[in-house]
Amino acid sequence: MTDLELLNKEQKEAVLHTEGPLLILAGAGSGKTRVLTYRMAYLIDECGVNPWNILAITFTNKAAGEMRERVDRIIGYGSESIWVSTFHSACVRILRRYIDRLGFDQKFTIYDTEDQKTVMKDVCRRLQIDTKMYRERMLLNVVSHAKDEYISPEEFRLKAQGDFRQEKIAQIYLEYQKELKKNNALDFDDLIVKTVELFQNCPEVLEYYQERFRYIMVDEYQDTNTVQFKLVSILAGKYQNLCVVGDDDQSIYKFRGANIDNILNFEKVFPETKVIKLEQNYRSTQNILNAANVVIRNNQSRKEKALWTQNEQGEPIQFHYFQNAYEEADYVAGEIQKKVKSTEAEYRDFAILYRTNAQSRMFEEKFLLANVPYKIVGGVNFYSRKEIKDVLAYLKTIDNGKDDLAVHRIINVPKRGIGAVTINKVQTYADSVGISFFEALECAGGVPGLGKAVLKIQPFVHLIHEFRLKLADLTLEQLIEELLDKSGYTESLKEEGTDEAEARLENIGELISKAVTYEEGAEHAELSGFLEEVALVADIDSLEEQDNRVLLMTLHSVKGLEFPYVCMSGMEDGIFPGYMSIAAENPTEEIEEERRLCYVGITRAMKELMITAARVRMIRGENQYNQVSRFVREIPQELFGKKSVLPPVQKVQQPAKDSAHAKAKEIFRTKTFDPKQFKVVKAERLDYEVGDRVSHIKFGEGTVLNITEGGRDFEVKVDFDRAGEKKMFASFAKLKKVQSL
DNA sequence: TTTCCTGAATTTTTT
DNA sequence: ATTCAGGAAA
């Protein structure tokens, strides 16, 4: 019996609305996961729905895992037959069964970002593309976005007609897809695209899954892109039982294809849609919520809603302004220690948020000094670390030698004296005979022109063969350990003797324990199964609860989490909102996205919110003077404590009086190399700022991207309409302001 | 073949 | 400031 008494009116309504399209606009902290899990329970217990007919989709494995756990807890019998999975793993499951109908082998491999780059490089080389003009990263971005929008290479080409550059990219896109097909590989985006293709081309397969998934739920719906929406709407096409939960105000992933129209236009696509707003917040104090509401209200394109709470008023928001980032981090570390010492809180109750990963450094330094235990979340993905990818490449090669990329990766790791020339010869031979790279290595003796290199290749081939034979007798753990030993991988790392090598060994240890966990969990633990699982797992999603540490992370990674005490640091225009969004062609739109990010940050706080900013900040080796973030200024004074005073708005703030040491250094530098510079009069301040339109006597009009204090003068970076980006000294450039931002 | 050096890039992130 | 990739020298 599902007990609905624990839910509020709207939540209950959402649970009871089981048939037909349903859009739940769930504000931050309004209990959406609870609604989803209760809804599933209700469907099964009260509506007699077969658990087998339910599909719940999330974005991350972590979210899927959490939902699985909660579902299992409230649903007794049959909960395990509900599909709770990410978009990607659901698609893999479907494709493993039916992808042969699209002309792929069912044993297709999944390429990660690095593999994609390798393929793209290859494509560019073959098409003789100048990668200075068309950078791989840009190309992959374009391709990925095309796939997000479900645009095929052919459609891309048609759209590109008349634009040389776009046509070129279309050609690259096509070639890239051919290459993947040749390798029987799919990239992450393809997993979704090919599934949609499958459904569109094979009515009987679609029919099967439509029957199977009669009730579909999508979490974090605001993050879906166009193909994902397509996938879900096709699946729900027959029964129309599609329930999506999201918050347009928390849509912060436009840059990776999320289409906010999916939520804003849901009712247009599904006219019968029932819309329910969850606006009661159970997480934060009144003050915090007010701040969040006030900020997000400045956005134009959103569905109107306002969070409210029965929680108490709470402490005022704190704002602290510092001379520089050192002082900022210092103060935060001190405050945390103070709170913890007074037993008001534990370390794990705190989160420090920042806009970019690079900002974590300062906190790391100061926390170390102040003995604050911390953990940095994010940065480099566990499974994309070099050493992990190396080990996995070995395992893939042992599992089946078909994955050329994997073999290429490890053929000379550790160093075996097999270089680019040899590899090319073998690859050319493999291509001409039509066999895989590893098969070519196996018969290296028959490859023309190899000479002594054959003797270097043979031991490698033997090594792999040896492990293939042993495979059946070894556990995964033994396999990896023995492999690391026999291949000389561990040894070569140990020889390095650096801290970095040490860390790599530790990471490998972690991979081994992952393998052990997998073996314990799986019924038929096999190497291929492990590799499959690992391909779709992005991180050590486990933020271990028992770990009592302050968490440091970007505003993006904090979505979905909550903490009693939250500090949003680096709240300066140019940092947050980032200068990229300020100087974008469509600043309004981009800044609204940043504002949503700010909203996400504020709403993570349960009890207290602290906001900090610094007058000077070192960015990419340069001192930057930024104003306090416009978002902070959107919060009215009455929500701040009496001690929180915002500095006055200034056009360009005065450079800091640098330390005596820095001054001496500057004088030394200038005297030695450039005495003439004394003639340059440094402007007291500039009458334009980042984002303004300015004009230059030679380059014409442009937008100010960045202003840096360069010691003798302000250095101004301008994106000119005609001449492109230029860096220049303010006193020489004589820029005239045309128009304010 | 490997190592070393210089030049370029540098929001945000999941799968 | 720092990292990373590609090219030149050892």
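Letters A, B, ... are given to chains in the order of the sequence lines, protein chains preceding strands, and every chain is numbered from 1.
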Checklist entry - Between Leu353(A) (CG) and dT13(B) (P), how many Å, whole number? => result 12 Å
Item to check | Selection from dT12(B), dT14(B), dT11(B) that lies nearest to any side-chain heavy atom of Thr60(A) | outcome: dT14(B)
Item to check | CZ-NZ distance between Arg409(A) and Lys386(A), expressed to the nearest 0.5 angstrom | outcome: 8.5 Å
Checklist entry - What nucleic acid atoms does Tyr579(A) come within less than 4.0 Å of, heavy atoms only: base, sugar-phosphate, or nothing? => result nothing
Next on the checklist: Reading DNA chain C from 5' to 3', where do the contacts with chain A start and stop? Cut-off is 4.0 Å to heavy atoms.
Outcome noted: dA1(C) to dG6(C)
Next on the checklist: Tell me whether the side-chain N/O atoms of Asn412(A) come closer than 4.0 Å to OP1 or OP2 in dT2(B).
Outcome noted: yes
Next on the checklist: Between P on dG7(B) and NZ on Lys132(A), what's the gap in Å once rounded to a whole number?
Outcome noted: 11 Å
Next on the checklist: Assess, by modelled atom type and distance only, whether the side chains of Asn262(A) and Thr224(A) contain a donor and an acceptor separated by less than 3.5 Å.
Outcome noted: yes
Checklist entry - Over how many whole Å does the gap from Glu533(A) atom CD to dT15(B) atom C1' extend? => result 14 Å
Item to check | Residue whose closest nucleotide on DNA chain B lies nearer the 5' end, Ser557(A) versus Gly419(A) | outcome: Gly419(A)
Next on the checklist: With a cut-off of less than 4.0 Å, is there a side-chain N or O of Asn357(A) near OP1 or OP2 of dT10(B)?
Outcome noted: no
Checklist entry - Are the aromatic rings of Phe255(A) and His556(A) close, with centres under 6.0 Å apart? => result yes
Checklist entry - Can you check the Phe59(A) CZ to dT14(B) P distance for me, whole Å? => result 13 Å
Next on the checklist: Rounding to an integer number of Å, can you tell me how far Glu593(A) CD sits from dT12(B) C1'?
Outcome noted: 9 Å
Checklist entry - Base, sugar-phosphate, or nothing for Asp112(A), non-hydrogen atoms under 4.0 angstrom? => result nothing
Next on the checklist: I want to check a possible cation-pi pair here: Arg96(A) against Phe108(A), using under 6.0 Å from ring centre and within 45° of the ring axis as the test.
Outcome noted: yes
Checklist entry - Is there a donor-acceptor contact under 3.5 Å linking the side chains of Asp247(A) and Gln222(A)? => result no
Checklist entry - Sequence neighbours excluded, which residues qualify as ring-ring contact (aromatic ring centres under 6.0 Å, His included) partners of Phe322(A)? => result Tyr331(A)
Checklist entry - Could you state the CZ-P distance from Arg256(A) to dT13(B), rounded to the nearest angstrom? => result 9 Å
Next on the checklist: By nearest atom, which of the nucleotides dT12(B), dT1(B), dT15(B) is closest to the Phe255(A) side chain?
Outcome noted: dT12(B)
Checklist entry - What's the verdict on side-chain hydrogen bond (donor to acceptor under 3.5 Å, both in side chains) for Ser492(A) and Glu495(A), showing C-alpha distance, side-chain angles and the deciding distance? => result CA-CA 5 Å; Ser492(A) 77; Glu495(A) 271 171 19; over 6 Å; no
Checklist entry - dT15(B), dT12(B), dT3(B): which one has an atom nearest the side-chain heavy atoms of Lys415(A)? => result dT3(B)
Checklist entry - Roughly how many Å is it from CZ in Phe108(A) to P in dT15(B), rounded to a whole number? => result 17 Å
Next on the checklist: For dT11(B) and Arg620(A) - does any side-chain N or O of the residue sit under 4.0 Å from the phosphate oxygens OP1/OP2?
Outcome noted: yes
Checklist outcome for this item: Quick note, Arg135(A) side chain, CB onward, closest among dT12(B), dT10(B), dT15(B) is dT10(B)
Checklist entry - According to the interplanar angle, ranging from 0 to 90°, do the rings of Tyr518(A) and Phe530(A) count as parallel (below 30°), tilted (30 to 60°) or perpendicular (above 60°)? => result tilted
Checklist entry - With a 4.0 Å cut-off on heavy atoms, is Lys121(A) in touch with a base, just the backbone sugar-phosphate, or nothing at all? => result sugar-phosphate
Checklist entry - OG1 of Thr226(A) to CD1 of Ile192(A): how many Å apart, nearest 0.5 Å? => result 12.5 Å
Checklist entry - Of His88(A) and Thr356(A), whose closest DNA chain B nucleotide lies nearer the 5' terminus? => result Thr356(A)
Item to check | Nucleotide nearest Thr86(A) when distance is taken to its side chain, options dT11(B), dT15(B), dT13(B) | outcome: dT15(B)
Item to check | P spacing across the pair dT13(B) / dC4(C), given as an integer number of angstrom | outcome: 16 Å
Checklist entry - Just checking Thr422(A): base, sugar-phosphate only, or nothing, at a heavy-atom cut-off of under 4.0 Å? => result sugar-phosphate
Checklist entry - Contact class for Gly417(A) (heavy atom, under 4.0 Å): base, sugar-phosphate, or nothing? => result sugar-phosphate
Checklist entry - To the nearest Å, how far apart are Met568(A) CE and dT12(B) P? => result 16 Å
Checklist entry - Any side-chain N or O of Ser581(A) under 4.0 Å from OP1/OP2 of dT11(B)? => result no
Next on the checklist: Need one value for Arg137(A): base, sugar-phosphate or nothing, where a base atom within 4.0 Å counts as base even if backbone is also close, heavy atoms only.
Outcome noted: sugar-phosphate
